[in-house]
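What follows is one structure encoded as structure tokens, with my remarks underneath.
Numbered from 1 within each chain, the chains take letters A, B, ... in sequence-line order.
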Amino acid sequence: MTKTNGKIIEVENLRKTYGDLKAVDNVSFSVERGEIFGLLGPNGAGKTTTLEMIEGLRKIDNGQVQVAGIDVDMKPDDVKSQIGVQLQSSSFFDYLNLKELLKLFGNLYQRKINPDELLEKVELSEKGKSYVKHLSGGQKQRFSIASALVNDPQVLFLDEPTTGLDPQARRHLWDLIGKIRDTGKTVVLTTHYMDEAEILCDRVAIIDKGKIIALDTPDKLIDNLLAKGFKKAQAEKLANLEDVFLDLTGRNLREK
Amino acid sequence: MNKSIVAIKNITFSAIKMFFRDKQAIFFSLFLPVMIMVIFGFMDFEKMSAVKLGIADEAKNEASGKFVESIEQADVFEISTGSVEDEKKLLEAGDRDLLLILPESFGATARLDTSGLPAAYQKIVAETGIEVPAAPGPLNIELYYNEGEESKVAIGTSILKEIFHQYEQGITNSQSLFFLESKPVTSRNLTFVDFLIPGIVAMSIMQMGVIGVAASIVSWREKGILRRLLATPVKPFTIIFSQVLTRLIISVLQTTIIVTLGVVFFDLQLIGSPLLVLLLAFLGGIIFLSVGFTISGFGKTHNTVMALSNIIMMPMMFLSGVFFSRDVLPDWLKTITEYLPLTYLADAIRAVMIDGSGLLDVGGEIIGLLVWMVIAFALATKFFKWE
């Protein structure tokens, strides 16, 4: 079922047009098994559209996508059962508690799951009987990730997982995403935060106007820029305001 | 296929659980119909048709007292007594339909004037003490009536005439040529509640289908829940089918609760087959669920969906014979409303529940429902959207 060359996602000449707008314009890239891959780009660049075509949520106009060796266009349901998806600003049913929601999602994959184990993984053990609407922003995102893990997926897709979170919650989520990668899963995420991409991602693709304009490790991309003779207008201090904020308020999560 | 069935079962089970935790949903689908039933159940609409009769008894003698008593025997009247002046004012204010004035001379009698009669007659009269009305000729009795209450006045007047006639016969001892013998036949005494409850059942099925589905689909769509579900291998059909199944199950439950409360607390006369009622609830459910799916395709937000739902449901609630018979509608409107889906549903459920009609007796309504089912289903397929 899986290819041996280490590439878990292969995207070739992917296109999506809405009328005259080329939302995704001939995009090709591949994701290595076990890496955290970032899709960066301004709003409307085509990140989410690209992601949703790979996830089988949006019809592919042109091109080919293979996930774990399965063609998305031909067998979307097979792909869906191999991946876990956290959508941008998706929410859950109002009147089911976290455990019930996880069980329901497990059922959708024909799986019997252990909700406590999953909640433990995302540090929400005490919230099993709560409704999603009573969770904090960071807890919601963590639960959303738990719901994406019910089918023990090979690839986890996270669409802007830390948008709207406070610095503590963001860092906490980074740790969690790192741990998930360490269990052997591949993570594909989109983000607007360059610090996040720099710390978290093994490789990033920068998308603008539907095209990939750069793809490499964060380190390499920075080196390339410096090699062009780039210099910051002002020499950077050894700490920034976020460091000040975290120093003053602590790194502990502010929830419960 | 087997996989789908398991998924449908699980989603349906979860959806029912969600319904029972949603206080607002419970209020609108269970509490509200029951409340309407309770309120109307305690109302006595027969009072509305009572003829309000004012009596001003100026004679205040034995005869007038007896006469008023005999009027009180007639059930149609809601009688009040007072002075001529007061009662007239009340009549003018519309608080009385009729005002009967018994004049001072009512029932006054006098010794029969025997002068000029043969002596033998004079002797008999003197011995028996026969008395005759004091005034010669018929006594003029005034009956004022409220011009605005034509039918009540007509009923009241004819009954009063009859009472006078009997009274007169009693005095004059004359023999009737005819006797109208009314024979009572024991019939089921249907009350307003018997009419109302089947209507409420039909109305609840409509609301559950239209609002239940339209509101939840739109909220799922607005919150991104539908997208999240579609990111799993579950088939869209499975989600729709579970939603349909959930609403049908709740509708059946709702129907059972309303009818049970009706039988227990309001003496609802359920003589037809409960199974047939549930079959009709099922047919109606499919129609209104399809309407709900159609509406969810047109409305993007919760508010537009609620507005659209009410535009469709409100006229039907009042024109389909839910709360009152369509007989009160003008002929043209009565003809048009005959073809509304809620009319078919309410009429059929009512016929089965209180008249004990069988499947064939409500065949016409069932055909009407089936035609609507095809139309509504086609609309839902055409207009329902995931995004």
Q: Heavy atoms only, distances under 4.5 angstrom: which of E52(A), K103(A), E55(A) has the most pairs with chain B? Name it, please.
A: E52(A)
**Q.** Parallel, tilted or perpendicular: rings of F298(B) and F383(B) (30°, 60°)
**A.** tilted
(Q) Does atom CZ (F31(B)) have a neighbourhood of more than 12 heavy atoms from anything else shown, all under 6.0 Å? (A) no
Q: Give a yes or no on whether a salt bridge exists between D94(A) and K133(A), defined as a side-chain N under 4.0 angstrom from a carboxylate O.
A: no
Q | Side chain, backbone, both or neither of I11(B) within contact of chain A (heavy atoms, under 4.5 Å) | A | both
Q) Which one, L226(B), N10(B), T232(B), V234(B), leads in non-hydrogen pairs under 4.5 Å with chain A? A) T232(B)
Q: Tell me, for F157(A) versus chain B, whether the close heavy atoms (under 4.5 Å) come from the side chain, the backbone, both or neither.
A: neither
Q) Given a strict heavy-atom distance threshold of 4.5 Å, which part of K9(B) is in contact with chain A: side chain, backbone, both, or neither? A) neither
Q | From OH (Y344(B)) to CE (M373(B)), nearest 0.5 Å | A | 14.5 Å
Q: Grab the two heavy atoms, one from L308(B) and one from G299(B), that are nearest each other, plus how far apart they are.
A: CD1-N, 4.1 Å
